[in-house]
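Values below: all heavy atoms of this structure, side chains included; hydrogens, waters and symmetry mates excluded. Along the sequence shown, residues are numbered consecutively beginning with 1.
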Amino acid sequence: MKRICALLLTLTLCVGLTLPAGASSAGIRGSGATVSTGDKTTAAIQSNGSLWMWGSNKDGQLGNNGAGNANYTYDGNHPIQTVPLKVLDDVVAVSCGPSHTAAIQSDGSLWVWGWGKDGRLGDGRVELDYHVSAPIKVMDNVAAVSCGDNYTAAIKTDGTLWTWGGNASGQLGTGDVESRRVPTKVMDNVSAVSCGNYTTAVIKTDGSLWMCGSNTYGAIGNGKSGTEANQLLPVKIMDRVSSVSTGGGVTAAIQADGSLWIWGDNRRGTLGNGTQESAQVPVWIMGDVAAVSCGNGVTAVIKTDGSLWMWGSNSTCQLGNGGGGNATHQYAYCQTVPLKVLDQAAAVSVNGHVAAVKTDGTLWMWGDNLTGQVGIGNWGTNNIVPKPTQVMDGVALSSSAVVPSVTPSESTVAGFYDVYKTDYYADAVAWAKASSVTGGTSATTFSPGNAVTRAEAVTFLWRAAGSPVPGTSRSPFADVTDTGAYYYRAVLWASDQGITGGVGNGQFGLSATLTYDQILAMLCRASGGTASGGDWSAAAVSWAAENGLTEGLTFSPKDNCPRSDVVYCLWKQLA
């Protein structure tokens, strides 16, 4: 009973952050997905826990002992299943790769089947001709799973991340390019994982997004691209991330404020920013997003009102609009800006074909149906389903499914896409911009969750004080020498006023982040108060509370202070 309770708790915590291959009931690869699309397969979990699959069974990936109701003969005779077929009971999550499948049962056991090359099944076998056509158990205590092209990742109930399979691009995150034939522990404190072609995205419990693997088109998001830029160890990309999906050389992340950020290959308009120019760093696309799925040149998002929007390749009518687009790539239509497809969507998974679950539990599919993967009973070359078609009902809605909001989010503040009028710091941000305390991290982003650096903090204080001329023109710090830098006079003023003396050894520590008590101590000293000696931290926090600066905030003194709370405290003190 304790193990079951622990599993249920972990699923509750991470299901909203991850979901299976291609997407899930929250539209992302990882755990909690009740629908998933592989290259030419589809899987769906019904509300009674039964797992149903259909499409290509070339590698045994349907898990039904290699059978099918038809045969595909164009690339070698192999069975296909053109209508849903029951495979397994008591399933809570599923993820489809191109040639293997993984499912979690309610007791936390992980089951896999399909092609075993490179060790992607995790059972110790790696042979080219090794296929498993029925589910085999690999691990216990599993809370989330995601299948990539030739590898697999799973999160256990203790928050540890385990990976196995092919690793030529560093997608396992082990620091090398050696394949693993059995599960290998990679990280702790993980709440979500998404495996793409050969790129892996991981969300830790603090909301930070980490990535590793193939960076051919910039899907890592660290400003680099090319095979020589492959990332062998997970690297941190951004903070405050609640959901992520990676696939087809593209990665998309939803931050806690509902903003969608995307980067990577954009030749087919997969980024949705109106261009076909790839991006190696996160690009803001839209707000009010609840779920996202990336795969095979297509991106799909579900907004908080339950509307499903898509963009990217439309070569097999996978955008669900009957065909066409506002651009082309290699003689095929594509869509470079979001296009609304349907309403009342709760989950989505994309590939060359698309599966979407509505809030009433009905499953709708469209796109490529070459091997019967749309599940409507037919198949074949040029067999395409151009618009959403109902395939089954009774599909389970996980706790991560999108529930349309009663009222949409309020409009943004001060021209920043990531600050809304409903945010507690909204007035503070508007004041900070109007007072020229900060113009944000770009013309359209404030980045409220980013930890503030020492250079930024003293600049905020200095500008809030009216940008006074410092008492000296020579910097006392070895790392503050650029007289034209935005922070130069602010640092001199802060030092002259006794607000901060740097970090020691003649260094100011420009890029070092600040904790709440450090920020509050600076504010205290700037106002003429005392926050020094062995009790400086407690004195600063007490002073801030007495003056109402931290009213409404929940924090620990040694936590990193985000930009939102720095301007909030400044606003409370000065505005």
Side-chain angles (χ1 to χ4, degrees), residues 16-17 203 206-209 221 237-244 252-263 271-273 279 281-292 301-305 309 338 405-453 455-457 459-461 463-464 486 513-514 516 519-520 523 548-555 559-575:
L17 296 180
I203 303 175
D206 63 359
S208 57
L209 174 65
I237 302 301
M238 62 196 307
D239 289 304
R240 298 180 75 242
V241 176
S242 60
S243 297
V244 67
I254 304 172
Q255 287 196 308
D257 59 6
S259 59
L260 176 69
W261 300 76
I262 193 166
W263 56 96
L271 302 191
N273 63 348
V281 294
V283 176
W284 182 93
I285 301 299
M286 62 170 65
D288 299 325
V289 176
V292 62
V301 302
I302 302 176
K303 302 197 75 173
T304 53
D305 63 359
W309 297 72
S405 56
V406 177
T407 57
S409 298
E410 295 290 333
S411 58
T412 54
V413 171
F416 297 128
Y417 292 131
D418 52 1
V419 181
Y420 292 82
K421 289 182 179 179
T422 51
D423 292 328
Y424 68 86
Y425 48 80
D427 290 341
V429 170
W431 165 81
K433 184 174 181 180
S435 304
S436 298
V437 170
T438 174
T441 54
S442 76
T444 56
T445 57
F446 184 79
S447 302
N450 286 8
V452 72
T453 65
E456 291 173 331
T459 303
F460 290 177
L461 267 66
R463 291 173 180 167
Y486 75 89
T513 56
L514 285 165
Y516 276 89
I519 285 290
L520 298 177
L523 290 172
L549 273 63
T550 54
E551 181 181 358
L553 296 182
T554 301
F555 65 94
D559 288 343
N560 280 340
C561 187
R563 288 170 52 86
S564 59
D565 289 359
V566 174
V567 297
Y568 180 83
C569 291
L570 268 173
W571 172 68
K572 282 280 191 176
Q573 181 184 25
L574 301 176

Do [X] and [Y] touch side chain to side chain, with heavy atoms closer than 4.5 Å?
| X | Y | value |
| --- | --- | --- |
| Val429 | Lys433 | no |
| Leu570 | Val437 | yes |
| Val289 | Ile302 | no |
| Tyr424 | Ser564 | yes |
| Gln255 | Ser243 | no |
| Phe460 | Thr438 | yes |
| Leu514 | Cys561 | no |

Set of side chain to side chain contact (heavy atoms under 4.5 Å, CB included) partners for [X], sequence neighbours left out:
| X | result |
| --- | --- |
| Asn560 | Ala451, Thr513, Thr515 |
| Ala428 | Val567, Tyr568, Trp571 |
| Ala279 | Leu271, Val283 |
| Pro282 | Ile237, Met238, Trp261, Trp263 |

What verdict does the side-chain contact (heavy atoms from CB on, under 4.5 Å) test give for Ile254 and Val241, after you've listed the backbone C-alpha separation in whole Å, the side-chain angles of each residue and the deciding distance to 0.1 Å?
CA-CA 6 Å; Ile254 304 172; Val241 176; over 6 Å; no
Please report the closest heavy-atom contact between [X] and [Y], naming both atoms and the distance.
| X | Y | answer |
| --- | --- | --- |
| Leu523 | Cys569 | CD1-CB, 3.8 Å |
| Ala426 | Val413 | O-CG1, 3.7 Å |
| Arg463 | Ser436 | CD-O, 3.2 Å |
| Ser259 | Trp284 | CB-NE1, 3.7 Å |
| Gly287 | Tyr420 | CA-OH, 3.4 Å |
| Gly272 | Pro338 | O-CD, 3.5 Å |

Got a sec, which residues hit side chain to side chain donor-acceptor pair (under 3.5 Å) with [X], two or more places apart in sequence or on another chain?
| X | result |
| --- | --- |
| Asp239 | Lys236 |
| Asp206 | Ser208 |
| Trp431 | Ser435 |

Determine, step by step, whether Leu520 and Thr550 satisfy the side-chain contact (heavy atoms from CB on, under 4.5 Å) criterion, reporting the C-alpha distance in whole Å, the side-chain angles of both residues, the deciding distance to 0.1 Å, and the verdict.
CA-CA 9 Å; Leu520 298 177; Thr550 54; 4.0 Å; yes
Could you measure the distance from the CE atom of Met286 to the CG atom of Asp288? Nearest 0.5 Å is fine.
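Answer for the CE-CG pair, Met286 versus Asp288, is 9.5 Å.
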Applying ring pair (Phe, Tyr, Trp, His ring centres under 6.0 Å), can you list everything that pairs with Tyr516, at least two apart in sequence or on another chain?
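For Tyr516 the ring pair (Phe, Tyr, Trp, His ring centres under 6.0 Å) partners, ignoring immediate neighbours, are Phe555.
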Output every pair passing salt bridge (Lys or Arg N to Asp or Glu O under 4.0 Å) with a member in residues 563-575, not counting sequence neighbours, ordered by first then second residue.
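Sorted result for residues 563-575: Glu456-Arg563, Glu551-Lys572.
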